[in-house]
Amino acid sequence: MFVPAGTPQAVVARITTEFGKALNSPDALARMNELNTEPVMSSQAEFAVHLQREHDTLGKLIKARSIKAQ
C-alpha cells in the first residue's frame with residue numbers, strides 16, 4: 001500500500017494496523033483462499049527493499065529485451 005509522501009508516521013502506523021486487521025478478517029481470508037493467495041504484511045523498510053529489487057530485475061529485463069515505451 002502506498003501513501004502520499006510526508007504522511008505523518010502516526011497515520012501510516014494506523015493505516016498499517018487497520019489494513020492488517022482487514023486482511024486477516026474471516027471474509028478476506030476466505031476470498032483470498034478462493035483465489036489461492038494469502039496476505040503478506042511487511043514493514044516499510046522491507047517493502048522498500050522489495051520494490052527496489054523488482055525495479056532492478058525489471059530494469060534488466062527491459063534493457064535485455066530492448067523494450068521501449070509506446
Side-chain angles (χ1 to χ4, degrees):
M1 173 181 291
F2 296 92
V3 297
T7 301
Q9 189 58 39
V11 174
V12 173
R14 174 78 188 270
I15 291 170
T16 300
T17 298
E18 297 303 322
F19 192 73
K21 288 179 189 176
L23 275 180
N24 287 301
S25 72
D27 289 343
L29 290 172
R31 180 65 177 137
M32 285 184 274
N33 188 49
E34 291 172 9
L35 298 171
N36 202 25
T37 189
E38 60 187 61
V40 175
M41 293 294 295
S42 61
S43 69
Q44 288 176 281
E46 291 168 330
F47 189 55
V49 168
H50 169 75
L51 287 179
Q52 187 62 54
R53 196 176 310 127
E54 289 292 301
H55 180 270
D56 294 346
T57 299
L58 292 174
K60 289 175 187 175
L61 175 65
I62 289 166
K63 285 182 183 178
R65 300 287 187 209
S66 299
I67 297 171
K68 304 288 181 203
Q70 295 183 4

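Atoms considered below: every heavy atom in the structure, side chains included; atoms not considered: hydrogens, waters and symmetry mates.
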Residues L51, F2; criterion side-chain contact (heavy atoms from CB on, under 4.5 Å); working and verdict: CA-CA 12 Å; L51 287 179; F2 296 92; 3.7 Å; yes

Nearest non-hydrogen partners of A22 and A28, listed with the distance: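 Nearest heavy atoms, A22 then A28: O-CB, 3.2 Å.
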
Min side-chain heavy-atom separation [X]-[Y] under 4.5 Å:
X   : Y   : result
L61 : T57 : no
T16 : M41 : yes
V11 : V3  : no
H50 : S42 : no
Q44 : Q9  : yes

Give a yes or no answer on whether the side chain of [X] reaches the backbone of [Y] with a donor-acceptor pair at less than 3.5 Å.
X   : Y   : answer
E46 : S43 : yes
N24 : G20 : yes
T7  : P4  : yes

Joint hydrophobic cluster, L29 plus F19, side-chain heavy atoms closer than 4.5 Å: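 In one cluster with L29: F19, yes.
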
same_hphob_cluster(V12, V49) at 4.5 Å side-chain heavy-atom cutoff: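 No, because V12 and V49 fall into different hydrophobic clusters, even though each may have its own neighbours under 4.5 Å.
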
CG on D56 to CD on Q52, rounded to 0.5 Å: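 One gets 4.5 Å once the value is rounded to the nearest 0.5 Å.
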
Partner residues of E38 under the side chain to side chain contact (heavy atoms under 4.5 Å, CB included) criterion, sequence neighbours left out: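 Here no residue qualifies.
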
With sequence neighbours excluded, residues passing side chain to side chain contact (heavy atoms under 4.5 Å, CB included) with A13: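 Counting only residues at least two positions away or on another chain, A13 forms no side chain to side chain contact (heavy atoms under 4.5 Å, CB included).
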
